[in-house]
Every structure is written in structure tokens, then in C-alpha cells.
Amino acid sequence: MSSSDRFLLAGVMGWPVMHSRSPALHNHWFAHYGLAGVYVPLAIEPDGLQAALRALAPLGFSGCNLTIPHKERALAIVDAVDPVAQRIGAISCVVVRADGSLAGTNNDGYGFVHNILEQQPEWRADAGPIAVIGAGGGARAVVYSLAERGASEIRVINRTFLRAEALAREFGPPVAAMPWEERHRALDGTSMLVNTTSQGMVGQPPLDLALDALPAGALVCDIVYVPLETPLLEAARRRGNPTVDGLGMLLHQVRPAWKAWFGIDPEITAELRATVEATL
Ligand SMILES: NC(=O)c1ccc[n+]([C@@H]2O[C@H](COP(=O)([O-])OP(=O)(O)OC[C@H]3O[C@@H](n4cnc5c(N)ncnc54)[C@H](OP(=O)(O)O)[C@@H]3O)[C@@H](O)[C@H]2O)c1
């Protein structure tokens, strides 16, 4: 059956899920391409994930995205996990295959890198040391994608040092863990700083990080996108550093998902960005 012969279904499973901007994003494309289809938020309790994923095929879904707290747990449920999701240790996108079986992948790192390349086309991961603040799920995707792009040194700094250490041990060089107390000094000589913690997100305090040691030309990225300009990005902009916000990471990861679900390669347009921004 081709995309035009049936009602296209996809969604995002999370708990909670109503904060997700993904429905606005995907439904913009259904309208843009004049396709009969819908992308729905699916509030799935952690214990219900297996049953919910197994219901995708019989309900006619092409697949779904996963958000907190399902990304890691899904690894043990789907029928196939690709090497990217395996390495990141989490699934962000599930694809229902022709035989009804489920394949898991992770497009977070793809979204992170392609967002930067869109906003800073000259950017290179091997331009110098990179400081990544945080060691959670977002950090794993960021570190994976930076290492894949040839980063020569990735300094992972996390409040809970053991977690940073575990990540560094797992990925090996060029990833190295640094203690939280060293975070201000860890920016010295870097070409890039990435916040992957929840700090700076609406309802959370700003990230406690002094930028004095950060070189003037270093690129500053935040994967938090509510607000669009986090206190970290604002401070970086004020001192003249180039910045990249986190919304594009969300937008860009939809591209590989749509290719896998519907065989369509959607464009990331200014109009799409404005549609999603309007929901923030
Ligand atoms: N733009 C995108 O597409 C995208 C994709 C994924 C995630 N995100 C955003 O990224 C953020 C993190 O998500 P996640 O999935 O990585 O969460 P996670 O796995 O729960 O990790 C949270 C991270 O934040 C740190 N943290 C929490 N509270 C802190 C505090 N008070 N001080 C210092 N560090 C603190 C944690 O450190 P500990 O280890 O010490 O607890 C951990 O490193 C969220 O805001 C999420 O919305 C955005």
C-alpha cells in the first residue's frame, strides 16, 4: 500500500506526554503535504509500554517516537535495535515493519548535529575540545554524534560524577569525565559547549556555570528548547559567542523518522519552525 492509499498514523509515547511539541510539528507536515494522516500524543504509563508498542501494528500505525521515561525500556521490547540506538542505549523512534515487527532506532544525535550544521554550516566537531554538561539520555546522544563526527576531545561534566565516568568508560577516548567542581575551568580552550542537563528549562534554575574561561569564538548549544533562549544561551550571546538553540534538534530528527515511516523526506522550513515556536 502506498502512502496515499491509507490514513497515516504515528504518535509519541510518553508519561507525561502533553508537553510534547511533536504533534504540532508532525501535523504541520501532514497539512503541508496534503496527506490524510495524524500524529497523536499517547499517554502511556511505564508498565503499559510493551502492550502499547505491540498495539502499533494492529492499529495501523507506521511507528512512533518515544520520550521520557520510555526510551531505555523499549530496548528490551522491540524486535530489532539498530547499532545507533544500541550505542546510545536508548530508542527515540520505533518503526513498524511490513511484517508487523518493530524496529528501534535513535535520531536524537542526527537531529543535534544537523541542527548545528543548518545554523553554523562551517562547524566541525574536530575543531577543538568540546565540553558537554550532563550525562543523561540527551548527553549520550550528543556524545555519540560528536564522536561519530570525529571530535578529538569530549569533556563530560556531570553533577553525579559516577554517571559521567560510566559514560566515558563506555564510549572510551575521545570521551573523558571531569568532576562537577571543575565545570567552570573545563571550558578553558574549548571550541564548543553543550548543555544537556535540564537546568535552564522552564521551571528549573539556570545552569550554574561561569563562562569566563570559555573562548570568545566557542559555539554554545543548549538542547533545552523551552525557553528557546535559555539563560545559558543568553549569557553566551551577550558575551559574543555564537549560539544554537535546542528546537532545531527536535525538528531535524523528524526527517529520518518520516523517511522510515512514510517514505517521505520532509523539508525543515522556516514556516515549520515558526509553527512549533508559536507553541512554546
Ligand atoms: N532538543 C531535543 O530534541 C532534546 C532531546 C532530548 C532531551 N532534551 C532536553 O534535554 C534535557 C535533559 O533530558 P535527558 O533526557 O537527558 O534527561 P535525563 O536523562 O534525566 O538527564 C538529566 C541530566 O540533567 C542533570 N541534572 C538534573 N538536575 C540537575 C541539577 N540541579 N544540577 C545539575 N545537573 C542536573 C542530570 O545530572 P545527574 O546525573 O547528576 O542527575 C543529568 O545529567 C531536558 O530538558 C530535555 O527536554 C531535548
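Whatever order the structure lists ligands and atoms in, that order sets their numbers, starting from 1. Keep in mind it's a predicted model, so treat the numbers as computed, not measured.
A side-chain N or O of Arg6 and one of Ser62 form a donor-acceptor pair less than 3.5 Å apart. Asn115 and Gln119 are linked by a side-chain donor-acceptor pair at a separation below 3.5 angstrom, with hydrogens and angles left out of the test. Under the 3.5 Å distance criterion, with hydrogens and angles disregarded, a donor-acceptor pair is assigned to the side chains of Thr230 and Asp222.
Which parts of ligand 1 touch Gly246 is read off a 4.0 Å heavy-atom cut-off, strictly below it: atoms 1 (N). Listed by atom number, the atoms of ligand 1 under 4.0 Å from Arg163 heavy atoms are 19 (O), 38 (P), 39 (O), 41 (O), 42 (C). In summary, the atoms of ligand 1 found under 4.0 Å from a heavy atom of Gly138, numbered by their order in the structure, are 14 (P), 15 (O), 16 (O). Residue contact check: Gly134 has heavy atoms under 4.0 Å from atoms 43 (O) of ligand 1. Each of the atoms 3 (O) of ligand 1 lies under 4.0 Å from some heavy atom of Leu250. Atom numbering of ligand 1 starts at 1 in the shown order; those under 4.0 Å from a heavy atom of Gln199 are 28 (N), 29 (C), 30 (C), 31 (N), 32 (N), 33 (C).
Of all the heavy atoms of Gln204, none lies under 4.0 Å from any atom of ligand 1, so neither backbone nor side chain is involved. Only the backbone of Thr196 comes within 4.0 Å of ligand 1, judged by heavy-atom distances.
At least one N or O atom of Gly137 sits closer than 3.5 Å to an N or O atom of ligand 1. An N or O contact shorter than 3.5 Å links Arg159 to ligand 1 by distance.
Remark: distances from the non-hydrogen atoms of Ile223 to ligand 1 include one below 4.0 Å. Residue contacts with ligand 1 include Trp180, since one of its heavy atoms falls under 4.0 Å from the ligand. Heavy-atom distances between Gln253 and ligand 1 reach below 4.0 Å in at least one pair. Remark: distances from the non-hydrogen atoms of Ala135 to ligand 1 include one below 4.0 Å.
When every heavy atom of Pro174 is checked against every heavy atom of Ser152, the shortest pair comes out as CB-O, 3.1 Å.
Distance from atom 23 (C) of ligand 1 to its nearest protein heavy atom, with residue and atom name: Thr197 CA, 3.9 Å. Ser198 OG, 3.4 Å is the protein heavy atom nearest to atom 27 (C) of ligand 1. At the shortest separation from atom 36 (C) of ligand 1 among protein heavy atoms lies Asn158 OD1, 4.0 Å. Looking at atom 46 (C) of ligand 1, its nearest protein heavy atom turns out to be Met201 SD, 4.9 Å. Among all protein heavy atoms, the one lying closest to atom 5 (C) of ligand 1 is Met249 CE, 3.7 Å.
Between Trp261 and the choices Asn65, Val254, Val96, the side-chain contact (heavy atoms from CB on, under 4.5 Å) rule is met once, by Asn65.
The aromatic ring centres of Phe262 and Phe30 sit less than 6.0 Å apart.
Ionic pairing of Glu153 and Arg155 is present here: one or more N-O contacts between side-chain nitrogen and carboxylate oxygen are shorter than 4.0 angstrom. With salt bridges taken as basic N to acidic carboxylate O contacts below 4.0 Å, none links Arg239 and Asp212. Taking a cutoff of 4.0 Å between a charged side-chain nitrogen and a carboxylate oxygen, Glu170 and Arg140 qualify as a salt bridge. Salt-bridge check for Arg149 with Asp126: failed, with every basic side-chain N at 4.0 Å or more from each acidic carboxylate O. Checked for salt-bridge contact, Asp79 and Arg54 meet the test: a charged N lies under 4.0 Å from a carboxylate O.
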**Message:** For Val132 and Ile157: C-alpha separation, side-chain torsions, deciding distance, then whether side-chain contact (heavy atoms from CB on, under 4.5 Å) applies.
**Reply:** CA-CA 6 Å; Val132 174; Ile157 306 115; over 6 Å; no
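For atom 40 (O) of ligand 1, the nearest non-hydrogen atom from the set Ile68, Ile133, Thr160 belongs to Thr160.
The aromatic rings of Trp258 and His26 lie parallel to each other, their planes meeting at an angle below 30°, with 60° marking the opposite boundary.
At a distance under 4.0 Å, no protein heavy atom can be found next to atom 20 (O) of ligand 1. Checking atom 17 (O) of ligand 1 against the protein gives no heavy-atom contact under 4.0 Å.
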